[in-house]
Amino acid sequence: MPNPKQKATVVIYWHRTDLRLHDSPALQAALSLNPTTFIPLWTWDPHYVYKSRVGPNRWSHLLQSQTDLSKSYKALNPHQKLWVVREAPQTVLPKLWARWGVTHLVFEKDCDAYARARDEVVVRLAEEAGVEVIVRSGRTLFDVDEIVAKNGGKATMSMAQIEKAVEKIGKPDRPVDAPTAIPDPLEWDGMDLTGVEEEGDGVLEDGVDVNSVHRSGTDKQYAGIMGPGRDFGVPTLEEIGIDAGDVRTPHCGGESVALRLLARCIADEEYIGRFEKPNTSPAAFEPQSTTLLSPHLHFGTLSVRKFWWDVQDVMERRRKAKKSNASIPTNLPGQLLFREMYFAAHAAVGEPFCRTYGNPMVRFIDWHLQSKSPEEIAHGDAGDKLYEVDSDEAEVWFLRWKEGRTGFPWIDALMRQLKQEGWIHHLGRHSVACFLTRGGCYVSWERGAEVFEEMLIDHETACNIGNWMWLSCTAFFAQFYRCYSPITFGKKWDPEGNLIRRYCPELAKFDKKYIYEPWRAPIADQRKWGCRVTGDGSSSTNEDGNIYPKPMFDFDQRRTICLDAMKNAYHVGLHGDDKEVKDGSWRKAFGLDEGGKRPNKKQKT
DNA sequence: GTAATGTTGCGTAA
DNA sequence: TTACGCAACATTAC
């Protein structure tokens, strides 16, 4: 119990990447302060909420996770909840410290580039205000800064490197217990922030207005600092301005869901022990072939260390029973190590990690729809598009890819599953990413990463960017001659085409002989099966009834063109931080004309 | 320096 | 089902 003679200990626990109570080292550190007052807080983060595009499915997942956490707090202490404050942390936290008499700020370490910049500001302001800051690692198996240090300060670029680096650190810590009691917040009069939103204008010292979107008037998300009910409640979809009908994912968020899901996976010891990612089917749905735990790792509704150790314990029991386990990197612990690898690479490179421009670790390729430079965008010279439209044809391909109307059913089914449900299997992501970049459209991986960022419920910046680099052969992986076919690859897993029938229902009656290449079906059969293959997919019916688009290009032709172009780009050998990339002279190195168009000549081999 | 290796390719032959 | 050529990258082990 707190000693009444001592100064009150008023602790804000700032939830960000950790919407859970179980195995949270930072939460444990906060509670071990033995607070007289404890305030579990969520601040509306302008980066998460506005800058990055978040689709309805991920929004829904976030709000479900917050609701679940809030309930768990309430179950431990009826006066408690997750207190949601609708303002950017950099501007609102100092106001809260003053108003609530805060002595300590505690949070889980976040090494994403934008988060580090944000947290540096917050920590500096806390020091100025005399608030003690406590930070603990817990989002990853290891402190990623320590991984980077053990890798010689360099980005971890391969499984071998990450394995060596973590070997030097040892085993991840075992999970810590969830709290069994939570101290009270302030009395309501103390919590009430009436008038606080008017204090200050929300602009940081360097002139950056982190709350501009709040006040823009075009966004409904800011209904006062305490929310429309003036009770710090978790926002509703309506408050965010999302139509509930747009939330179509069947996957649910929240710590309690995560722990149930994990327990169900762990109970199947054969599945856990023998799991090998490349042997799980990208075409499986209901049930999917993998664990579906990735969204919970993203929101921190599941502790990655609990996942790791629950799996390790199963494998240990199997070893003792003389049963064999799959090994790194294809097994479950291997999957978690890939996550560490991408986090550590992001931590080592910092802000340029998320793009090509200025990024030393990424190859520069003469993609279509290349990103404009940050300077152009910052100066407002970029116009309405943040990428260069060097080819109208490629932009059409990109939009058709995004909307799932390429005319290749395997690609379209996956992209429609992604849009509807916010999740597709890892190998499905490989298929569509290869198709958009080096194995079809030759469109910049950055365009694809943006679409995934918007649509995936498990979107994790480091993993998403890293995987797009991998698939586009710009970093981590270089065997660009291994190209996924939009026809063969799916067929290998799903010869009946059940995934296609599910997500492209207009093709549901097609014979399996044509399901991956419906344009080859005779017209009479197309009529019989109730869907004509014609047009570009801009509408789903015509006077003949249902229609499905013709393929938007000859894949074999495009594969050859892309392969030659990749060979040439590797020969040119530029990287994101080379001066030719910064000053635009890369076009000359690639033999492109002034308008950036490709001359019709054979590429150098 | 050379050879082996790298979570997850495809098409063809046996 | 397995093996190999395809045309060939980067890293690591030796």
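Lettering of chains follows the sequences in order, A, B, ..., and the numbering in each one begins at 1.
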Select base, sugar-phosphate, or nothing to describe what [X] touches, counting heavy atoms under 4.0 Å on all strands.
X	result
A:F338	base
A:K491	nothing
A:M159	sugar-phosphate
A:W493	nothing

Verify the contact: side-chain N or O of [X] to OP1 or OP2 of [N], cut-off strictly under 4.0 Å; return yes or no.
X	N	value
A:T488	B:dG11	yes
A:K164	C:dA13	yes
A:R482	B:dC10	no

Measure the acute angle between the ring planes of A:F553 and A:F408, then classify it against the limits of 30° and 60° as parallel, tilted or perpendicular. tilted
Report the distance from atom [atom1] of [X] to atom [atom2] of [N], rounded to the nearest whole Å.
X	N	atom1	atom2	answer
A:H426	B:dT7	NE2	C1'	8 Å
A:Q479	B:dG6	CD	P	11 Å
A:Q161	B:dG6	CD	P	15 Å
A:L563	C:dA8	CG	C1'	10 Å
A:N568	C:dC9	CG	C1'	15 Å
A:M566	C:dC6	CE	P	22 Å
A:Y481	C:dG5	OH	C1'	13 Å
A:I328	B:dG6	CD1	P	13 Å

How is the base pairing of DNA chain C summarised as a dot-bracket string, given the Watson-Crick and G-U wobble criteria with both distances under 3.5 Å, [ ] for crossing and | for another strand? ||||||..||||||
Using the [atom1] atom in both, what is the distance from [N] to [M], to the nearest Å?
N	M	atom1	answer
C:dC4	B:dA4	P	14 Å
C:dC6	B:dT2	C1'	22 Å
C:dA8	B:dT5	C1'	14 Å
C:dA7	B:dT7	C1'	23 Å

So, A:S281 versus A:H425: side-chain donor-acceptor pair below 3.5 Å or not?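 Result is no, nothing qualifies.
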In plain terms, say whether A:D145 and A:K109 are close enough for a salt bridge, that is, a side-chain N and a carboxylate O under 4.0 Å apart. yes
Does A:D110 come within less than 4.0 Å of A:R139, counting only side-chain N to carboxylate O?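 Judged by the 4.0 Å cut-off on N to carboxylate O distance, A:D110 and A:R139 do form a salt bridge.
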Heavy-atom count around A:K509 NZ within 6.0 Å, excluding the residue itself: above 12?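 Atom NZ in A:K509 is not packed in, count stays at 12 or less.
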Output all residues satisfying salt bridge (charged side-chain N to carboxylate O under 4.0 Å, His left out) with A:K277, sequence neighbours left out; order by chain, then residue number.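 With sequence neighbours excluded, A:K277 shows a salt bridge (charged side-chain N to carboxylate O under 4.0 Å, His left out) to no residue whatsoever.
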Ring centroid separation for A:H296 and A:H61, is it under 6.0 angstrom?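 Yes, the ring of A:H296 comes within the 6.0 Å limit of the ring of A:H61, centre to centre.
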Nucleotide nearest A:K567 when distance is taken to its side chain, options C:dA8, B:dT7, C:dT12: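 The listed nucleotide nearest to A:K567's side chain is C:dA8.
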What I'd like to find out is whether the side chain of A:N467 reaches to under 4.5 Å of the side chain of A:R429, using heavy atoms alone.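 No, their side chains stay 4.5 Å or more apart.
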